[in-house]
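Residue numbers start from 1 in every chain, and the chains themselves are labelled A, B, ... in the order their sequence lines are given, proteins ahead of strands. Remember, predicted model here, so these are calculated numbers, not experimental data. Scope of the values below: all heavy atoms of this structure, side chains included, with no hydrogens, waters or symmetry mates.
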Protein chains: 2
Amino acid sequence: MVGSVAVDGGGGPVSAGIAVLRRHGERVTPARRAVLEVLGATTEHLSAEEVLGRALAISRSLHRTTIYRALETLGELGLVTHVHTDHGPAFYHLSAPLTGTPHLHVRCRVCERIMDVPADLLDDAVRRLRETAGFLLLVDHTALAGLCSGCEAAGGHPG
Amino acid sequence: MVGSVAVDGGGGPVSAGIAVLRRHGERVTPARRAVLEVLGATTEHLSAEEVLGRALAISRSLHRTTIYRALETLGELGLVTHVHTDHGPAFYHLSAPLTGTPHLHVRCRVCERIMDVPADLLDDAVRRLRETAGFLLLVDHTALAGLCSGCEAAGGHPG
DNA sequence: ATGAGTGCAAAGTGTTTGCAACTAT
DNA sequence: ATAGTTGCAAACACTTTGCACTCAT
């Protein structure tokens, strides 16, 4: 059930997300509500495990599997986005239409933190690859790896 | 045991690799030899599982674990490189000093094939991120995802 | 001979699936 | 009422680890 999302109508990302669920005939369950609340309460990028941990504080009886399924559904509706990393889990956050701040991600190999980077960072690469190989780069679900300035200064190993 | 690699002395990547092993006091075992032969015989990018399959044709009694350990050792010596993908396994190939053809990788989300792309594809992004955030992008071990021209034409879903 | 390398079993992560029970509509 | 959701257990894919045994040096 793929769909598009409307911008936040003013009631905050949670109610905006719930409205989208309703509009698509999806049920509004405690699990989905909790996931929206968790992601709406932070600008961090959370792993499924972290979402579960915080969601339990809201709903108390949620299962890990349910979190994965809620994240999947919300993702299909365009409410939630995820980034994959080379090692370790995927990280989730509200998608740009809800937050209004599109961005890409990089991840430090040493401290493992996710950093937001400008949405147009890879535009040059996208254009080049389209022109030379006809390959359509989809850059938003993959975090490139590297060393943040702090870890590089500390002599961190590239891994 | 991190090390640097010498260019191929003319005897092909396998003997060059063996020379590097010796130079570093690493043992030259059937497993390591087989892995070098497998990767030296193709320009494809192989998963550990595929390396195992082909290596068994050479040596007959190798274990999956041993392949992972051989790939790790050869990687530390700079002989073998790997790329991570969003879903699915990592893919291995001889590193540029042995093959003489440096490149990066992208992967089609539909047909799952790995494609080589120019080594300088992300230079602009690397420079921008260094200048604006002091972040050192290490782009060589991560395959960006996308749609190859064939699968895009066929209406493939971005997944 | 001796310690690095191997085979095997087992565990470890992160994620998905099958199915009966539940609940939002 | 009833289909969509959930909880649980179990499987899944990929990779790593512990330990006794073997073989390259």
Side-chain angles (χ1 to χ4, degrees), chain A residues 1 3 17-36 45-53 55-56 58-77 80 82-92 107 112 114 141-143 159, chain B residues 1 3 18-19 21-36 45-53 55-56 58-77 80 82-92 107 112 141 143 159:
Chain A
M1 26 200 87
I18 288 172
V20 172
L21 281 169
R22 290 230 150 84
R23 187 177 318 147
H24 284 265
E26 294 285 338
R27 294 188 183 174
V28 179
T29 63
R32 291 169 176 179
R33 210 184 280 268
V35 168
L36 282 172
H45 302 79
L46 306 180
S47 66
E49 196 64 32
E50 289 166 333
V51 173
L52 171 62
L56 282 174
I58 298 171
S59 195
R60 181 73 94 287
S61 75
L62 299 172
H63 200 269
R64 179 176 289 98
T65 305
T66 305
I67 298 296
Y68 277 106
R69 287 195 273 225
L71 288 168
E72 184 187 27
T73 302
L74 297 173
E76 287 168 346
L77 294 177
V80 166
H82 62 270
V83 258
H84 296 280
T85 55
D86 282 357
H87 298 286
F91 291 87
Y92 298 83
R107 186 171 187 242
E112 304 200 330
I114 300 260
H141 288 331
T142 309
Chain B
M1 24 198 79
I18 289 173
L21 281 168
R22 290 228 150 85
R23 189 178 316 147
H24 284 263
E26 293 286 338
R27 294 187 182 176
V28 179
T29 63
R32 291 169 176 180
R33 209 184 282 267
V35 168
L36 283 172
H45 302 80
L46 306 180
S47 66
E49 196 64 34
E50 290 167 331
V51 173
L52 171 62
L56 282 174
I58 297 171
S59 196
R60 177 78 93 279
S61 74
L62 298 172
H63 200 269
R64 178 176 291 98
T65 305
T66 305
I67 298 296
Y68 276 105
R69 287 196 272 228
L71 288 168
E72 183 187 27
T73 302
L74 296 172
E76 286 168 346
L77 295 177
V80 167
H82 62 269
V83 258
H84 296 281
T85 55
D86 282 357
H87 298 285
F91 291 88
Y92 297 84
R107 186 170 187 241
E112 305 200 328
H141 289 331

When the rotation axes relating C1' atoms of four end pairs to the next four are compared across the helix from dA1(C)-dT25(D) to dT25(C)-dA1(D), five pairs an end, they differ to 10° by 30°
Closest contact, heavy atoms only, [X] versus [Y]:
X        : Y        : answer
Phe91(A) : His45(A) : CD2-O, 3.3 Å
Ala31(A) : Thr66(A) : CB-CG2, 3.5 Å
Ala34(B) : Ile58(B) : O-CD1, 3.9 Å
Ile18(A) : Leu36(A) : N-CD1, 3.9 Å

Could you tell me how far apart [X] ([atom1]) and [N] ([atom2]) are, to the nearest whole angstrom?
X        : N       : atom1 : atom2 : result
His82(B) : dC14(D) : NE2   : P     : 15 Å
Leu71(B) : dG5(C)  : CG    : P     : 15 Å
Leu36(B) : dG5(C)  : CG    : P     : 14 Å
His63(B) : dT17(D) : NE2   : C1'   : 13 Å
Glu76(A) : dG4(D)  : CD    : C1'   : 14 Å
Glu72(B) : dT16(D) : CD    : C1'   : 9 Å
Asp86(B) : dC14(D) : CG    : P     : 14 Å
Leu46(B) : dT15(D) : CG    : P     : 13 Å

Summarise protein proximity over nucleotides 19-25 of chain C in one line of letters, 5' to 3': B for base, S for sugar-phosphate only, - for none, counting protein heavy atoms closer than 4.0 Å.
-> ----BBS
Determine the interplanar angle of the His82(B) and Tyr92(B) rings, folded into 0 to 90°, and report it as parallel if under 30°, tilted if 30 to 60°, perpendicular if over 60°.
-> tilted
Using nucleotides 10-15 of chain C, report all nitrogen or oxygen pairs with the protein that are shorter than 3.5 Å.
| from | atom 1 | to | atom 2 | distance (Å) |
| --- | --- | --- | --- | --- |
| dT15(C) | OP1 | Ala90(A) | N | 3.0 |
| dT15(C) | OP2 | Tyr68(A) | OH | 2.8 |

Residues two or more places apart in sequence or in another chain: which of them pass side chain to side chain donor-acceptor pair (under 3.5 Å) with Ser59(B)?
-> none
Does Arg32(B) have any side chain to side chain donor-acceptor pair (under 3.5 Å) partners at least two apart in sequence or in another chain, and if so, which?
-> Glu26(B)
What residues form a side chain to side chain contact (heavy atoms under 4.5 Å, CB included) with Glu72(A), not counting sequence neighbours?
-> Glu76(A)
Check: Arg107(A) side chain, Glu112(A) main-chain N or O, donor-acceptor pair, under 3.5 Å = yes
Thr85(B) side-chain N/O to Pro89(B) backbone N/O, donor-acceptor pair under 3.5 Å = yes
Looking for any heavy atom pair under 4.0 Å, which part of the strands does Ala31(A) touch: base, sugar-phosphate only, or nothing?
-> sugar-phosphate
First locate atom CG of Leu62(B), then atom CD1 of Ile67(B), and finally report the distance between them rounded to the nearest 0.5 Å.
-> 5.0 Å
